[in-house]
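Here's the structure, in structure tokens; my notes come after.
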Number of protein chains: 2
Amino acid sequence: MLTLPYTHNAVAQKLNKRASITDLAKILNLSPSTISRALNGHADISEATKQRVWEVAKELNYQPNHLAAALRRGRSNMLGVIVPHINGHFFPSIMHGIETVASKAGFNVMICQSNEDVQREKNNIDALLNAQVEGILVSLARTTHDFQHFEKVRQQNIPLVFFDRMPEVSSVSGVVLDDHQGAYMAVRHLLEQGCRRIAHFAGPQHLNIYSNRHKGYLNALQAFGLPHDEQLMHFLPKLQQNAGEQAMRELLQLAEPPDAIFGSGDIPVAGALEVLHAQGIRVPQDIALAGFSNEPFTTLTTPKLTSVDQRGEQMGHSAVQLFLQMLKRSDNFAPHRVVLKPQLHIRESSMR
Amino acid sequence: MLTLPYTHNAVAQKLNKRASITDLAKILNLSPSTISRALNGHADISEATKQRVWEVAKELNYQPNHLAAALRRGRSNMLGVIVPHINGHFFPSIMHGIETVASKAGFNVMICQSNEDVQREKNNIDALLNAQVEGILVSLARTTHDFQHFEKVRQQNIPLVFFDRMPEVSSVSGVVLDDHQGAYMAVRHLLEQGCRRIAHFAGPQHLNIYSNRHKGYLNALQAFGLPHDEQLMHFLPKLQQNAGEQAMRELLQLAEPPDAIFGSGDIPVAGALEVLHAQGIRVPQDIALAGFSNEPFTTLTTPKLTSVDQRGEQMGHSAVQLFLQMLKRSDNFAPHRVVLKPQLHIRESSMR
DNA sequence: CTGAAAGCGCTAACAC
DNA sequence: GTGTTAGCGCTTTCAG
């Protein structure tokens, strides 16, 4: 237990709550401003008093009230983040990247989930604005089609940075993956392995990430002089396991079934894998597989799944850096879009 | 763009930043307190003025400054959460549960990751305390052995609730899973399937969750009158995939190999599955498998993995409820421990 | 090197 | 119903 010198005890008793800067001032017979300066390591305070202040502060277990400081300074040192969800590996890794860089820059991070719901996204914006965050990083919900609610943020001159899922307009800043190239790389790889009828599990096309992957797929086919066959494209609204299973079953019904699948997500590809297993179709010999996201479970399936890594950690870093830049040159900052290069992880499911 | 009536324009110009309650007061020729009361829906304000206030507030896009309110009230409406990491499905689902209940109760949630590192855990505590959170929910880092840094929290009379990983002392509140029973259920199930040599992948035993699962395993064997064989127990410091692979290979070297594996985590079990696949050993016929956590990927492997669900969502709910109770009866609240019942999901890997 | 004073934006007695 | 006043805890001119 903590024991205080007799002289401080009386004061310490009085506030069984929490020592304030004025409490320290009284005890030390100094002014609050001096205490403040000492605590913040101002240069023009004698080492001697700094020492005394530090000691008493430790003794009373002084904790600065950031709220008060924030109010006074007009800066909260808080950064708001809105993610659609935290399933899978991608968004958690982004969050990790964000936290690392943000806390290094002295920011606390407040995370909200929109649950893929515009309404909650709006609420999150309000909550973060109310909490006086100094910036907002957001990845759009699947159901977000208009961007009215972000106007508020801009009006208050609060830096707004999108990541991964962002509006297609050029007037906003953000960091995205080169989804087109990622898809292109995956499909090219399948083609190089000799596949010639490559099916595609596509995500909801109003999200640019998925439409870009779709385009990457098409362009790779085109580069190899192959036609694109509508029958081979399945648009899955949610990229879930059972959707992948269903699509796979339908593809197997075709007169000319595919010899490879490229999925815009790993999960439906795993679903497909299961159907193939059940039907005794060999992967990759009969049908090769490649997914997107590089989820950890891709190394847990048999065979291991080839997949495109989305650079989550890096994306988090870049997003915060973009925010910090905007904070500096608040007004004259032209919207800027950072594009990260994807990484193809080739595994057993596509090597033949 | 927003257009303001001429009269308000001057004022609106002046503050190109952000309207405050006093700005509204000036415009409406009312006192700040009236504005405050109107905005907060106090009963003793005439409907007429409430209307007028609301209108102008909307016009100026007024956003209340929660920091100021928090400072004045002495309540921040913020809840701090510390998790070891957000990999896998378990912690994200807890966080989701926390957010749901917390935001319903009017709290914003601030999430920190300790990265399984005591030092970061300490920093997180400080950060949250500085941010004036009204309570802290924490799940211990793997490397946390002493609990000094939580003293600060108690000293400031801030409700502290542990979840999942908590100290073994009776003086703290928290919500945990009945890990013992979860393990017991899984092993009993394997026994009922006819397995008689059941191996165990155990986690780090200084974390009670893992030692409890270990005990559950032992007790189930005992209940069936079976001896426990040291050779069948593998203690994996990290419950990772390659650790599971390695352990599985060693088990297969035994003169009398196991006919089932019960793992304290799903990932090393998936690792084992892969080794079995590679060696052509049939699951579940030759060796049955059961894991712990009910990770989503358990339905993506072939065969699907039996696993114990940890009730993450529910755990989040309960943790916040516990916090809310402590907040109410701040002093006289006896430490309370909520124990959730696990749920066994039986899948192909153990059905024979 | 230190102090006095003002104020960030809001709320809560206490008046009337 | 509404206004007056004071102050939450901190920082920051401006004076010495």
Side-chain angles (χ1 to χ4, degrees), chain A residues 11 14-15 17-54 56-57 60-78 106 129-134 156, chain B residues 11 14-15 17-54 56-57 60-78 106 129-134 156:
Chain A
V11 187
K14 200 193 82 191
L15 40 98
K17 275 281 164 187
R18 189 179 207 116
S20 79
I21 236 173
T22 36
D23 295 323
L24 299 193
K26 275 175 202 153
I27 293 177
L28 287 159
N29 267 324
L30 289 170
S31 75
S33 26
T34 305
I35 306 290
S36 169
R37 285 187 272 241
L39 255 21
N40 294 320
H42 260 238
D44 45 321
I45 296 287
S46 76
E47 273 307 316
T49 43
K50 269 186 192 170
Q51 280 304 328
R52 295 200 306 149
V53 171
W54 272 104
V56 179
L60 296 194
N61 190 25
Y62 168 77
Q63 295 284 136
N65 186 332
H66 272 210
L67 254 50
L71 178 59
R72 178 57 233 245
R73 279 211 197 91
R75 305 194 37 210
S76 67
N77 282 315
M78 290 218 289
L129 252 26
N130 285 345
Q132 310 292 118
V133 295
E134 293 189 51
Q156 301 193 28
Chain B
V11 187
K14 199 194 85 191
L15 41 97
K17 274 281 164 186
R18 190 182 205 110
S20 79
I21 237 173
T22 35
D23 295 323
L24 299 193
K26 275 174 202 153
I27 292 178
L28 286 161
N29 267 323
L30 288 171
S31 76
S33 30
T34 305
I35 307 290
S36 169
R37 285 187 275 240
L39 255 20
N40 294 320
H42 261 239
D44 44 320
I45 297 287
S46 76
E47 274 306 317
T49 44
K50 269 186 194 171
Q51 280 303 328
R52 296 199 306 148
V53 171
W54 273 103
V56 179
L60 296 194
N61 189 24
Y62 168 78
Q63 293 286 135
N65 186 331
H66 272 211
L67 255 50
L71 178 59
R72 178 57 233 246
R73 279 212 196 91
R75 304 196 38 211
S76 67
N77 282 315
M78 290 217 290
L129 251 26
N130 285 344
Q132 311 292 116
V133 295
E134 294 190 51
Q156 300 193 28

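Every chain is numbered from 1 and lettered A, B, ... according to where its sequence line falls, protein lines coming before strand lines. Model, not experiment: these values are computed from the prediction.
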Identify whether any heavy atom of L30(A) sits under 4.0 Å from a base atom; if not, whether one sits that close to sugar-phosphate; answer base, sugar-phosphate or nothing. sugar-phosphate
Provide, to the nearest angstrom, the distance between the CD atom belonging to E47(A) and the C1' atom belonging to dT2(C). 15 Å
For nucleotides 14-16 of chain D, tabulate all protein N/O to nucleotide N/O atom pairs closer than 3.5 Å, reporting atom names and distance.
none

Could you give the CZ-to-C1' distance, from R73(B) to dC10(C), as a whole number of Å? 9 Å
Without decimals, in angstroms, what is the distance between R72(B) CZ and dC10(D) P? 16 Å
Taking atom P of dT12(D) as reference, at what distance in whole Å does atom CG of N40(A) sit? 8 Å
Starting at the 5' end of DNA chain C, what dot-bracket string do you get if Watson-Crick and G-U pairs under 3.5 Å are bracketed, crossing pairs use [ ], other-strand pairs use | and unpaired bases use dots? ||||||||||||||||
Taking the nucleotide of DNA chain D with the nearest heavy atom to each, does N29(B) or I21(A) sit closer to the 5' end? N29(B)
T22(B) side chain to P32(B) backbone, donor-acceptor under 3.5 Å: no
Quick check on dC10(D): is either OP1 or OP2 less than 4.0 Å from any side-chain nitrogen or oxygen of Y62(A)? yes
Taking atom types as modelled and ignoring hydrogens, do the side chains of S33(A) and S36(A) form a donor-acceptor contact shorter than 3.5 angstrom? no
For a 4.5 angstrom cut-off between non-hydrogen side-chain atoms, does I45(A) reach V53(A)? no
Rounded to whole Å, please give me the gap between CG in L39(A) and P in dG9(D). 15 Å
Please confirm whether the backbone N or O of H42(A) pairs with a side-chain atom of K50(A), one donor and one acceptor, at under 3.5 Å? yes
Can a donor-acceptor pair under 3.5 Å be found between the side-chain atoms of T49(B) and the base atoms of dT2(D)? no
Just compare dT11(D), dG9(C), dT11(C) and give me whichever is closest to any side-chain atom of L71(A). dG9(C)
Does the D23(A) side chain pair with the main chain of S20(A), one donor and one acceptor, at a distance under 3.5 Å? yes
Minimum side-chain heavy-atom gap E134(B)-M78(B) below 4.5 Å: no
Would a 4.5 Å heavy-atom cut-off, applied to side chains only, mark Y62(B) and I21(B) as touching? yes
Side chain of S76(B), backbone of Q132(B): donor and acceptor closer than 3.5 Å? yes
Side-chain N or O of S31(A) less than 4.0 angstrom from OP1 or OP2 on dG3(C)? yes
I need the CD-P distance between Q63(A) and dC10(D), as an integer number of Å. 11 Å
Using a 4.0 Å heavy-atom cut-off across all strands, classify D44(B) as base, sugar-phosphate, or nothing. base
Is a donor-acceptor contact shorter than 3.5 angstrom present between the side chain of S33(A) and the base of dA4(C)? yes
note: L67(A), atom CG; dT11(D), atom C1'; distance rounded to Å ~ 15 Å
What is the distance from CG of D23(A) to P of dG9(D), rounded to the nearest Å? 8 Å
Residues A25(A) and S31(A): closest non-hydrogen pair is CB-C, 3.9 Å
Remember a base hit wins even if backbone is also touched, and classify S46(B) as base, sugar-phosphate or nothing at under 4.0 Å, heavy atoms. sugar-phosphate
Closest to side chain of T34(B), choosing from dG3(D), dC1(C), dT12(D): dG3(D)
Going through the checks in order, is the side chain to side chain donor-acceptor pair (under 3.5 Å) test met by Q156(A) and R18(B)? CA-CA 7 Å; Q156(A) 301 193 28; R18(B) 190 182 205 110; 2.9 Å; yes
